[in-house]
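Remarks on the structure that follows.
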Amino acid sequence: MSNSFPWLHWGNPEIFPNQPESKNPNENLEQRLTQSNRPLRIKLGIDPTGTDIHLGHSILFRKLRSFQDAGHTAVVIIGDFTARIGDPTGKSEVRRQLTEEQVAANAETYLKQVRPILDFDTPGRLEVRYNSEWLSKLDLPKTLALLATMTVGQMLAKEGFAERYKQGTAIYLHEFLYPLMQGYDSVAVQADVELGGTDQKFNLAVGRDLQKHFGQTPQFGLLMPILIGTDGVQKMSKSLGNYVGLSEDALSMYSKLEKTPDTLILQYFELLTDLSLDQLPEGARDRQKLLALEIASQYHGREKALEAQKAASELVQGGTSKTDVVPEFSLGSAQFPAKVFYLVSASGLCKTSSDARRQIQGGAVRLDGNKIEQVDLIFESPDDLIGKVLQLGKNKFVRFVP
RNA sequence: GGAUCGGUGCCCGAGUGGUUAAUGGGGGCGGACUGUAAAUCCGCUGGCUACGCCUACGUUGGUUCAAAUCCAACCCGGUCCA
């Protein structure tokens, strides 16, 4: 690997095709970067099905930013068409079809969340496209032509399909269309490079095939590692609950990252921060703190992050930090007299009041650092609570306000 | 279209008429320990401002004092045949 483009290689992405010795700009991305006389078009697709982006996604956007900073054009594709059709994984029940409004709202939220990462301001560095623009125009003849570019055998070679086929899980025909649609996106925006997680290799390759089919120069694929979640085991995902969302408040972001497992910490530094690995502090604990502080700073600014750090340590030690990084809960909507377990659930600390009861019984709930023993403890008026901090476990806090 | 097996709580998986909100495992959450980690041990794990009430075993009906368990139809998946 050459050193001409250090920004290209952080995180150790898999690039394909990759022939380091080749001078051919179609076989060697560095050659393409060197020889091209125009900014390259770097495609990254997102599915506006949910509303939360987490640190796992942020890796791709960070890489995209690297390209932007090197003068290239980020082409972010919102998969609104795909999202409106249904479930591309076939994993569980069919995903609810999203309406146009929902998709638009989700897309909006996404862009807002990645704002701290991408360069939205420099002219020519960012292009946001919706794939309904071209996919909704595909009629049956064109769709058939797309389908005819691949064989069932090729499709079944794909990891996900292969497993499911072997296990006898249902695979619906239209699922075969997803890789093709994603590939067609590359054709539509004339991508030079497509970013994706390593699980996207198949789809990116399909994009290359389709581009060739349509007489374009095939894109490069650039695959970033999939981030392991905060549990240290499975990939970061919202449904597994092991994620850190980009829109989370500074305190919860800091708190989660401060317990990043030792096995993950170097990877997190490499993929999620700009810090150099050989300048990290020695102690494992210090590393966790630095990581948490660093990432919280990226999304909330240095000041908030430091505040979160301070508050986190105070709160955990049974203190009563009242800084404004502790999320507020307005008692205006609560009804008094109120029982504690009701407050624990109403404030969002627990999802249900039943759960709140259990947590209290399990000794997990504190008010201003004092453990609450009785489930049915009653508060007559908001005045008894305002300014106090309610705590669940070690990391979840809420500060009562009028 | 035919034959056959199956659909249980977040997931896997017991249970084949009655203390069954449903054994067990995983995951998750909490507690102890610790470095706010890992490992280990322990507890909890349907909902409800709650000594009670409500909703649950693919769906809808039926038999019964009583069903996740029996019957019927339907829906969905697997396998084999066409």
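Within every chain, numbering begins at 1; the chains are lettered A, B, ... in the order of the sequence lines, protein sequences first and strands thereafter. This is a predicted model, so every value here is computed, not measured.
Within a 6.0 Å radius of CD in A:E108, no more than 12 heavy atoms belonging to other residues, nucleotides or ligands are found.
For the P atoms, the distance linking B:U20 with B:A37 amounts to 38 Å, nearest Å. Nucleotides B:G6 and B:U16 place their C1' atoms 15 Å apart, quoted to the nearest Å. The gap from the C1' atom of B:A22 to that of B:A14 amounts to 10 Å, rounded to the nearest Å. Comparing B:G46 with B:A56, their P atoms are spaced 16 Å from each other, to the whole Å. Rounded to whole Å, the P atom of B:U45 lies 23 Å from the corresponding atom of B:A38. Comparing the same atom, C1', in B:U19 and in B:A66 gives a spacing of 13 Å after rounding to whole Å. Taking the P atom of each, B:G31 and B:G77 are spaced 44 Å apart, rounded to whole Å. Annotation: B:C54 and B:A72 have their P atoms spaced 32 Å apart (nearest Å).
Residue pairs meeting the side chain to side chain donor-acceptor pair (under 3.5 Å) criterion with at least one member in residues 182-191 of chain A, sequence neighbours excluded, are A:K43-A:S186, A:N131-A:D185, A:W134-A:D185, A:Q182-A:E194, A:Q182-A:Q200, A:Q182-A:N203, A:S186-A:E194, A:S186-A:Q219.
At a cut-off of 3.5 angstrom, counting only N and O atoms as typed in the model, there is a donor on one side and an acceptor on the other between the side-chain of A:S353 and the base of B:A50. If you check distances only, the side chain of A:D262 does reach the base of B:G35 with a donor-acceptor pair under 3.5 Å. Residue-to-nucleotide contacts include no donor-acceptor pair under 3.5 Å from the side chain of A:R285 to the base of B:A37.
Two residues, A:K351 and A:K371, neighbour RNA chain B, and the one matched to the more 5' nucleotide by heavy-atom proximity is A:K371. Position along RNA chain B of the nearest nucleotide to A:A364 versus A:P261 favours A:A364 as the more 5'-ward residue.
Using a 4.0 Å heavy-atom criterion, one finds that A:Q359 contacts the sugar-phosphate atoms exclusively. If you check every strand for non-hydrogen atoms under 4.0 Å, A:N395 touches a base.
For A:K289 and A:E294, the salt-bridge test fails: no basic side-chain N is under 4.0 Å from an acidic carboxylate O. The pair A:R65-A:D274 does not meet the salt-bridge criterion, since no charged nitrogen lies less than 4.0 angstrom from a carboxylate oxygen. Residues A:D376 and A:R357 are paired through a salt bridge, judged by an N-O separation under 4.0 Å between the basic side chain and the carboxylate. Under a 4.0 Å N-O distance rule, the pair A:R358/A:D355 qualifies as a salt bridge.
In the region residues 375-386 of chain A, proximity to RNA chain B at under 4.0 angstrom, judged on heavy atoms, holds for none of the residues. Less than 4.0 Å separates RNA chain B from at least one heavy atom of each of the following residues of residues 334-345 of chain A: A:Q335, A:P337, A:K339, A:F341, A:Y342. Within residues 277-284 of chain A, the residues having any heavy atom closer than 4.0 Å to RNA chain B are, in order of number, A:A284.
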Dot-bracket for RNA chain B, 5' to 3', Watson-Crick and G-U pairs with both distances under 3.5 Å, [ ] for crossing pairs, | for partner on another strand, reads ((((((((.[[[..)..(.....]]]((((((.......))))))(((...)))...[[[[[..)....]]]]]))))))).

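Remark: A:R357 is not in phosphate contact with B:G46, judged by side-chain N or O atoms under 4.0 Å from OP1 or OP2.
The separation between A:L264 atom CG and B:A38 atom P is 11 Å, rounded to whole Å. In this entry the distance linking NZ of A:K289 with C1' of B:G35 reads 9 Å, nearest Å. For the pair A:L266 CG and B:A37 C1', the computed distance is 14 Å after rounding to whole Å. Atom CG in A:D231 sits about 11 Å away from atom P in B:A39, given to the nearest Å.
Figure legend: cation-pi geometry between A:K310 and A:Y254 absent, as NZ or CZ is not positioned both under 6.0 Å from the six-membered ring centre and within 45° of its axis. By the 6.0 Å and 45° rule, A:R115 stacks over the aromatic ring of A:F120.
When distances are taken from the side chain of A:T352 to each of B:G30, B:G47, B:U36, the shortest belongs to B:G47. Side-chain proximity of A:S354 to the nucleotides B:C44, B:A32, B:A50 is greatest for B:A50.
Side chains of A:S22 and A:N28: a donor-acceptor N/O pair is absent below 3.5 angstrom, by distance only.
With A:I53 as the fixed residue, the side chain to side chain contact (heavy atoms under 4.5 Å, CB included) test singles out one of A:L111, A:T109, A:V114: A:V114.
Atom CG of A:L126 sits about 12.5 Å away from atom CD1 of A:I42, to the nearest 0.5 Å. One finds the CG atom of A:D69 at 8.0 Å from the OG1 atom of A:T122 (value rounded to the nearest 0.5 Å).
Among residues two or more places apart in sequence or in another chain, the side chain to side chain contact (heavy atoms under 4.5 Å, CB included) test is passed with A:T217 by A:N26, A:R32.
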